[in-house]
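Shown next, in structure tokens, is the structure this report addresses.
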Amino acid sequence: MQPSHRANSLWLQAQQFKGSAAYRLLTAQPWAVAFIRAEFTADRSRVALELFHASLDSFLKQARKSDEQIPQSYSAQDFAEAWVKQGILARPLIDGRFVYEPSAQTLRALRFLADFSTDDSHLNSSRLNTLLSSLESLVHETDPDPEARIRALESQIAQRQAQIEQLRSGDDPAVLSRTTALSATRSLLDLASSLPADFRRMRDGVQDMLHSLREGILDASTAKGVAVGQVLEADRQLRSTAEGETFSGFTEFLNSPDAQQRFRSALAEVLERDFVDDLESTERQILTNLLRELRRQAAEVHASYGKLSESLHAFVQSEDYKQAELLRQAVREAELAISKSTALKPRSGLAPMDLYTPQLMTLSGLGIYDPSEHVAPPPLAQAPEFSEADIVRNPATPQADMALLRASITRHLDGSQGSAVRMDEVFAALDDEHRHLNTIRALVEIGRTNGESLNEADLVNIEFQQLDGSMRTAILPALSFTKEPL
């Protein structure tokens with residue numbers, strides 16, 4: 001790329017950044033930036049709406065004493081509403097309550113401000129060792145020569161064997177110093193702090209697709225095929241981004257019980273080390289709840305995908321009246337196009353008659369109209385009257401009650417004294433009104449979100465009732481719940 005082309009590309013990126021939420025935050029008043037940084041921390045990613053308004057109102061009372069430029073007419077709700085419109089904050093509905101949380105761009109801007117405000121160096125031996133290990137792993141996994149890869153693995157085996165022999169000889173193992181171990185732990189926390197922004201952008205992308213699909217449902221002019229194609233293409237592009245690859249990798253991690261067990265064991269051993277006492281209380285809390293927080297954020301993305309799947313299913317399976325509306329609109333457009341076509345000959349309002357060759361023998365043959373002979377047609381039948389009781393809606397399968405299903409799984413686990421509980425047992429214990437197809441989908445989603453594995457070698461049959469009263473059988477791989485759902 002030539003320098004001029006690269007400069008133009010960077011100029012376009014700078015213009016796009018100027019319209020972003022991150023730029024609005026970085027150019028906001030210092031008191032606003034300070035409040036947002038203090039309110040949202042690594043261990044508190046969202047705040048309830050009422051608590052956020054109360055905290056901002058208390059802060060404004062103190063800030064106005066030292067800064068007269070803060071508008072007196074603006075309340076805490078006004079500032080919060082402005083930040084939401086600017087994209088600095090988001091206000092999702094979580095468990096029936098509105099909360100405030102930083103947007104994905106705001107999270108990245110807050111990380112930049114945190115790095116900018118500290119003099120600590122990010123270059124330490126732990127990061128260099130991580131860089132070296134990643135580089136060697138990249139070289140090994142991209143090498144197409146099997147003999148070279150075998151030699152590399154044999155070299156690693158020899159190094160490990162030498163370390164084992166050294167430990168068996170009675171020598172004390174070389175451990176990291178307290179300072180180095182502390183730096184390595186903070187490097188891990190810094191690496192983990194970049195994941196929430198990726199998950200947030202992934203969730204926002206899925207919600208944008210859901211919003212577009214619902215607009216297509218409400219817009220009768222959007223064909224089903226077009227709307228579904230747009231959603232699938234948007235999802236493909238979203239999964240190909242860096243955030244999508246991060247989420248896919250974490251999903252694979254959640255689907256691997258062995259990887260989760262290794263992560264938990266390593267995390268528990270790190271928390272037992274002496275150098276952890278030198279960490280700040282917030283850092284220890286983040287480290288303790290690291291896996292739980294990542295699972296929660298991944299569950300939100302899965303929940304957004306679940307809503308998208310349900311809306312897509314309802315859009316494809318129902319809304320037949322919109323097809324009729326599309327057909328009527330197409331007929332009207334065709335009629336209008338025909339009437340305006342220049343290929344048609346102009347019509348005359350007079351009927352052609354050959355008056356010079358009349359074939360009439362008498363005046364009665366002319367068929368002169370006599371008003372006295374007019375007979376009125378019979379009156380039309382009275383139009384039927386409809387009431388609200390006549391309005392019939394298309395039946396639809398109800399949505400799954402997620403809270404009830406999680407409570408039912410927890411109740412079965414408590415009753416089983418810690419042993420695994422099968423999904424078909426939980427389904428069979430539900431009331432008749434909850435034993436439908438969406439409940440089966442929800443149970444599978446809960447199990448997969450919690451990291452439960454599917455046993456494809458063991459198939460189970462789950463019978464459920466459809467809207468027309470007929471019974472269907474779903475054949476699924478066996479799924480068991482071993483821990484309480486999030």
Side-chain angles (χ1 to χ4, degrees), residues 20-64 67 70-71 74-115 117 189-190 192-208 243 280-304 307 402-403 486:
S20 65
Y23 179 82
R24 297 189 186 99
L25 176 62
L26 295 175
T27 56
Q29 294 294 329
W31 67 265
V33 178
F35 176 78
I36 293 177
R37 289 187 63 186
E39 196 69 14
F40 299 104
T41 59
D43 59 333
R44 186 175 60 181
S45 59
R46 58 175 53 135
V47 181
L49 182 141
E50 298 82 3
L51 296 178
F52 184 85
H53 288 170
S55 179
L56 180 55
D57 185 64
S58 176
F59 176 80
L60 287 173
K61 291 179 180 179
Q62 298 295 327
R64 285 191 172 109
D67 190 350
I70 302 177
Y74 270 56
S75 63
Q77 292 86 342
D78 295 333
F79 282 115
E81 185 68 25
W83 293 337
V84 171
K85 291 181 179 179
Q86 293 173 358
I88 297 176
L89 298 181
R91 189 170 50 200
L93 183 65
I94 305 296
D95 296 333
R97 296 184 62 186
F98 283 103
V99 297
Y100 285 103
E101 63 182 15
S103 64
Q105 291 190 1
T106 299
L107 285 175
R108 296 188 174 185
L110 293 178
R111 285 193 62 201
F112 166 75
L113 292 173
D115 294 339
S117 59
L189 292 175
D190 183 60
S193 64
S194 62
L195 294 178
D198 291 340
F199 285 152
R200 192 73 50 83
R201 293 187 65 176
M202 190 70 182
R203 187 199 67 186
D204 294 343
V206 178
Q207 290 179 350
D208 290 341
E243 296 80 12
E280 298 180 0
S281 59
T282 55
E283 292 176 328
R284 288 196 299 272
Q285 186 174 0
I286 294 171
L287 196 61
T288 304
N289 301 327
L290 180 58
L291 182 59
R292 182 185 304 173
E293 179 65 18
L294 294 178
R295 288 173 61 87
R296 182 190 66 79
Q297 296 177 14
E300 292 182 358
V301 182
H302 282 294
S304 299
K307 293 179 182 178
M402 302 299 289
L486 297 175

[atom1]/[X] to [atom2]/[Y] distance, rounded to the nearest 0.5 angstrom?
X: L93; Y: F98; atom1: CG; atom2: CZ; answer: 5.0 Å
X: L113; Y: L26; atom1: CG; atom2: CG; answer: 5.5 Å
X: R108; Y: L25; atom1: CZ; atom2: CG; answer: 14.5 Å
X: F40; Y: R46; atom1: CZ; atom2: CZ; answer: 10.0 Å
X: Q29; Y: I70; atom1: CD; atom2: CD1; answer: 8.0 Å

Between S58 and S55, is any side-chain donor less than 3.5 angstrom from a side-chain acceptor? no
Heavy-atom closest contact ([X] atom, [Y] atom, distance):
X: A21; Y: Q105; answer: N-OE1, 2.9 Å
X: A80; Y: H53; answer: CB-NE2, 3.9 Å
X: A109; Y: A22; answer: CB-CB, 4.3 Å
X: A28; Y: A32; answer: CB-CB, 4.5 Å

Could you tell me which residues satisfy ring pair (Phe, Tyr, Trp, His ring centres under 6.0 Å) with Y74, sequence neighbours excluded, listed by chain and number? F79
Who passes ring pair (Phe, Tyr, Trp, His ring centres under 6.0 Å) against F35, sequence neighbours left out? F52, F59
Can you pull out every salt bridge (charged side-chain N to carboxylate O under 4.0 Å, His left out) where at least one residue sits in residues 21-33? Sequence neighbours excluded, please. none
Test Y100 against V84 for side-chain contact (heavy atoms from CB on, under 4.5 Å), laying out the working first. CA-CA 9 Å; Y100 285 103; V84 171; 3.7 Å; yes
Would L89 and E101 count as a side-chain contact (heavy atoms from CB on, under 4.5 Å) if you check the C-alpha gap in whole Å, the side-chain angles of each, and the deciding distance to 0.1 Å? CA-CA 6 Å; L89 298 181; E101 63 182 15; over 6 Å; no
Among residues at least two apart in sequence or on other chains, which ones pass side-chain hydrogen bond (donor to acceptor under 3.5 Å, both in side chains) with D78? S75
Please list, chain by chain and in numerical order, all residues satisfying salt bridge (Lys or Arg N to Asp or Glu O under 4.0 Å) with K85, sequence neighbours excluded. none
Among all residues two or more places apart in sequence or in another chain, which pass the salt bridge (Lys or Arg N to Asp or Glu O under 4.0 Å) test with R91? E81
Taking T106 for its side chain and I88 for its backbone only, find out whether a donor-acceptor pair lies under 3.5 Å. yes
Using a 4.5 Å cut-off on heavy atoms from C-beta on, say whether the side chain of R97 contacts that of L49. no
